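Read through the structure below, which is laid out as structure tokens, and then see the notes.
Index from 1, following the sequence. What's counted below: heavy atoms across the whole structure, side chains too, no hydrogens, waters or symmetry copies. Whatever order the structure lists ligands and atoms in, that order sets their numbers, starting from 1. Not measured: the values here are computed from a predicted model.
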Amino acid sequence: REDRSMTDTAMTDTAMTDTAMTDTATTDPDPALDANGIVQKLRATFATGVTRPAAWRREQLEGLYRLFVEGEEELVEALRLDLGRPRLEAFVGDIGHAKGELRYLAKHVERWMKPTKVKVPALAAPGRAAIQPEPLGVALVIAPWNYPIQLLLEPMAAALAAGNCVVGKPSELAPACSAAIVRLVPRYVDGDAVTIVEGGVAATTALLDERWDHIFFTGSTNVGRVVAEAAAKHLTPTTLELGGKSPCYVHSSADLGVAARRIVWGKFLNAGQTCIAPDYVLVDRAVRDDLVAELKDKVHDAFGADPARSDSYGRIVNERHLGRLRGLLDAEGSGAVVTGGPAPGGVAGGDRYLAPTVVVEPDPGGPLMSEEIFGPILPVLAVDGPQGAIDFVNARPKPLALYAFSGEDEPVDAVLAGTSSGGVCVNQTLMHLLPPELPFGGVGDSGDGAYHGKAGFDRFSHHKSVLRKPTRPDLKLLYPPYSKLAEKLVSKLLR
Ligand code: NAD
């Protein structure tokens with residue numbers, strides 16, 4: 001109840017800017033949630049050592065995989081209810097991606113658990129040195145609403161693969177998915193080691209008051225700061241998977257038709273509510289109008305004359321976000337609408353529809369270009385070549401993703417060398433998320449730490465350094481009293 005009142009206050013609080021995506025107001029911890037009891041129970045499980053063997057870890061991963069197989073219909077329906085998500089997008093965005101990750105983790109986890117031998121220098125010889133991964137203990141995973149299943153269960157899977165106990169906190173803004181998760185997860189994993197806690201700010205605040213061995217947070221940069229502050233009190237390590245404005249640069253040598261189709265796909269998937277969606281496009285001035293015409297065409301190809309009727313187009317998560325997005329479009333300096341826009345038919349029948357929208361030349365300092373859009377509005381701005389794009393990107397916080405479309409390598413290499421971003425995808429959008437061996441994460445304001453595949457296992461492990469020495473020979477050289485000979489030898493060895 002307290003959570004709901006918190007959200008309501010946030011919606012009506014005039015002190016908060018209307019356009020701010022996330023309210024970072026803190027609240028008292030939910031008194032009804034026994035966060036400490038949950039942590040203690042999981043600590044007791046961890047202490048038994050049951051989570052350490054490879055067999056237990058694989059069992060949890062295979063259990064979660066079965067959850068996706070047997071619970072598929074429930075999850076597809078929950079995604080439809082929360083986000084109007086088309087079935088195919090439910091697979092691409094949440095179910096299929098998570099299944100791939102679970103298979104990969106289950107296949108490799110035993111090998112990753114093995115110690116890695118390293119060389120022993122002469123002064124420490126004889127001996128055997130190795131890096132031994134060990135689980136951290138009890139982890140907390142906090143998820144956002146936009147890919148509400150994948151972004152909760154994949155980090156939880158990484159925590160389990162690394163032999164930890166884990167608490168998962170789904171987003172209250174995707175209530176159908178949250179309810180499905182709380183129903184399904186206990187059926188497929190060890191209930192002594194895994195707990196799902198539903199709730200919003202008050203519940204999360206209660207959880208954040210506790211001491212954890214790792215906090216894995218996916219969400220906005222603003223709430224990331226709240227999490228980092230709470231973690232700092234206990235010196236708890238964090239992984240922060242945050243947001244920001246991911247730019248997309250289109251060079252004049254690019255195949256504009258292909259670029260436009262791929263940008264439209266990456267931008268309007270899940271109605272633009274994707275952390276790595278291209279937030280805005282920077283295009284070489286000479287081809288700007290051609291690209292804009294292609295973008296307009298490709299929106300039409302994808303969603304027809306009336307995207308509100310398209311089965312391939314999702315909805316905005318709630319009225320508050322719809323209002324925020326309309327506010328961005330209505331704000332001064334939001335550019336000229338090329339396709340879509342708030343009206344006519346911008347908001348249809350209260351079903352939280354916002355048309356796929358392309359705008360040209362918004363004010364670079366205006367609201368549309370100052371905050372993460374996180375919705376189906378694509379601004380296009382002309383720049384003067386790769387250097388113009390580099391300067392534009394570098395004048396803003398480091399983004400989570402950067403896209404570059406080009407027929408030539410040189411402009412791409414220049415943009416990559418001249419900018420910093422969590423990840424990069426060349427001549428496509430979003431797909432750098434797919435290879436399980438590419439760590440996924442941000443840099444600077446877009447986050448800290450990465451996961452997927454071994455990167456996730458590493459994130460939830462401590463890499464313990466172990467040197468094993470025999471008791472013989474026991475050379476006295478290093479021990480006092482020091483001799484001239486020892487001095488000579490040691491200085492030679494440490495040269
Ligand atoms: P959010 O930061 O509002 O919420 C994320 C989680 O934090 C939710 O579970 C929520 O209950 C909790 N929370 C919210 N306010 C809190 C507070 N004041 N104190 C404690 N907990 C709080 O994010 P969101 O709106 O759910 O998701 C959108 C954001 O997430 C965007 O910025 C997007 O870019 C980012 N995101 C990043 C990734 C990534 O992988 N880097 C993926 C998806 C989304």
Side-chain angles (χ1 to χ4, degrees), residues 3-4 6-7 9-10 13 16 20-30 33 35 82-83 93-94 97 140-152 154-155 167-175 177-178 181 196-209 215-231 239-246 269-270 272-279 316-318 320-321 324 371-375 397-401 421-423 430 432-433 439-452 455-456:
D3 276 358
R4 198 161 313 126
M6 180 64 216
T7 319
T9 326
D13 186 358
M16 204 184 73
M21 174 158 33
T22 321
D23 170 27
T24 49
T26 49
T27 182
D28 291 333
D30 183 350
L33 179 68
D82 285 335
L83 292 154
D94 277 273
H97 192 275
L140 171 64
V141 172
I142 304 170
W145 52 263
N146 62 329
Y147 291 89
I149 297 163
Q150 181 212 140
L151 295 175
L152 183 78
E154 285 192 24
V167 170
K169 212 294 289 175
S171 170
E172 73 284 15
L173 299 188
C177 289
S178 181
I181 285 165
I196 301 291
V197 174
E198 284 190 283
V201 181
T204 318
T205 306
L207 290 169
L208 287 172
D209 276 351
I215 300 176
F216 190 109
F217 172 79
T218 306
S220 60
T221 301
N222 284 341
V223 180
R225 288 195 181 93
V226 174
V227 171
E229 215 178 303
T239 302
L240 301 173
E241 299 280 342
L242 310 178
K245 291 179 86 63
S246 296
L269 183 91
N270 203 27
Q273 301 162 112
T274 302
C275 55
I276 49 168
D279 188 274
I316 305 305
V317 67
N318 59 26
R320 178 179 172 221
H321 276 278
R324 177 184 66 79
E371 65 169 272
E372 181 181 1
I373 295 172
F374 217 60
K398 291 180 182 178
L400 184 57
S421 59
L430 314 186
H432 60 298
L433 189 89
F440 176 74
V443 56
D445 275 19
S446 60
D448 178 39
Y451 72 128
H452 287 180

Selection from Tyr451, Tyr147, Phe217 by shortest heavy-atom distance to atom 7 (O) of ligand 1: Phe217

What do you reckon, does Ile142 put a non-hydrogen atom under 4.0 Å from ligand 1? yes

Does the side chain of Phe440 come within less than 4.5 Å of Glu154's, by heavy atoms? no

Ignoring angles and geometry beyond distance, decide whether Lys169 reaches within less than 3.5 Å of ligand 1 through its nitrogen or oxygen atoms. yes

Is there a donor-acceptor pair under 3.5 Å between the side chain of Asp448 and the backbone N or O of Leu240? no

Ser171 N/O under 3.5 Å from ligand 1 N/O: no

Is the closest N or O pair between Ala143 and ligand 1 shorter than 3.5 Å? yes

Output yes when the distance from some N or O of ligand 1 to some N or O of Thr205 is under 3.5 Å, and no in every other case. no

For ligand 1, which is the ligand I care about here, please tell me if Ser220 has any N or O atom under 3.5 Å from one of the ligand's N or O atoms. yes

Need the ligand 1 atom indices (1-based, order shown) with element for anything under 4.0 Å from a heavy-atom of Gly243. 32 (O), 34 (O)

Within the distance-only criterion (no hydrogens, no angle test), does the side chain of Ser446 pair as donor or acceptor with the backbone N or O of Pro399 below 3.5 angstrom? yes

Where on Leu151 is there a heavy atom closer than 4.0 Å to ligand 1, on the side chain, on the backbone, on both, or on neither? side chain

Ring pair (Phe, Tyr, Trp, His ring centres under 6.0 Å) between His432 and His452, worked out: CA-CA 11 Å; His432 60 298; His452 287 180; 9.7 Å; no

So for Thr274 against ligand 1, with non-hydrogen atoms under 4.0 Å, the contacting part is neither

Test item: Val227 and Leu208 side chains (from C-beta on) under 4.5 Å apart, heavy atoms: yes

Using side-chain heavy atoms (C-beta onward) and a distance below 4.5 Å, is Tyr147 in contact with His97? no

Under 3.5 Å between any N/O of His321 and any N/O of ligand 1: does that happen in this structure? no

With a 4.0 Å heavy-atom cut-off (strictly under), which part of Leu242 contacts ligand 1: side chain, backbone, both or neither? backbone

Please examine the side chains of Leu152 and Val141, heavy atoms only from C-beta on, and report whether any two atoms are closer than 4.5 Å. yes

Residue-level breakdown please: for Thr218 versus ligand 1, do any non-hydrogen atoms fall below 4.0 Å on the side chain, on the backbone, on both, or on neither? both

Has ligand 1 got any nitrogen or oxygen that is less than 3.5 angstrom from a nitrogen or oxygen of Gly219? yes

Does Ile142 reach the side chain of Val223, with side-chain heavy atoms less than 4.5 Å apart? no

With distance as the sole test, does Asp445 use its side chain to make a donor-acceptor pair with the main-chain N or O of Gly244 at under 3.5 Å? no

Under 4.0 Å, counting heavy atoms only: does Phe440 come that close to any atom of ligand 1? yes

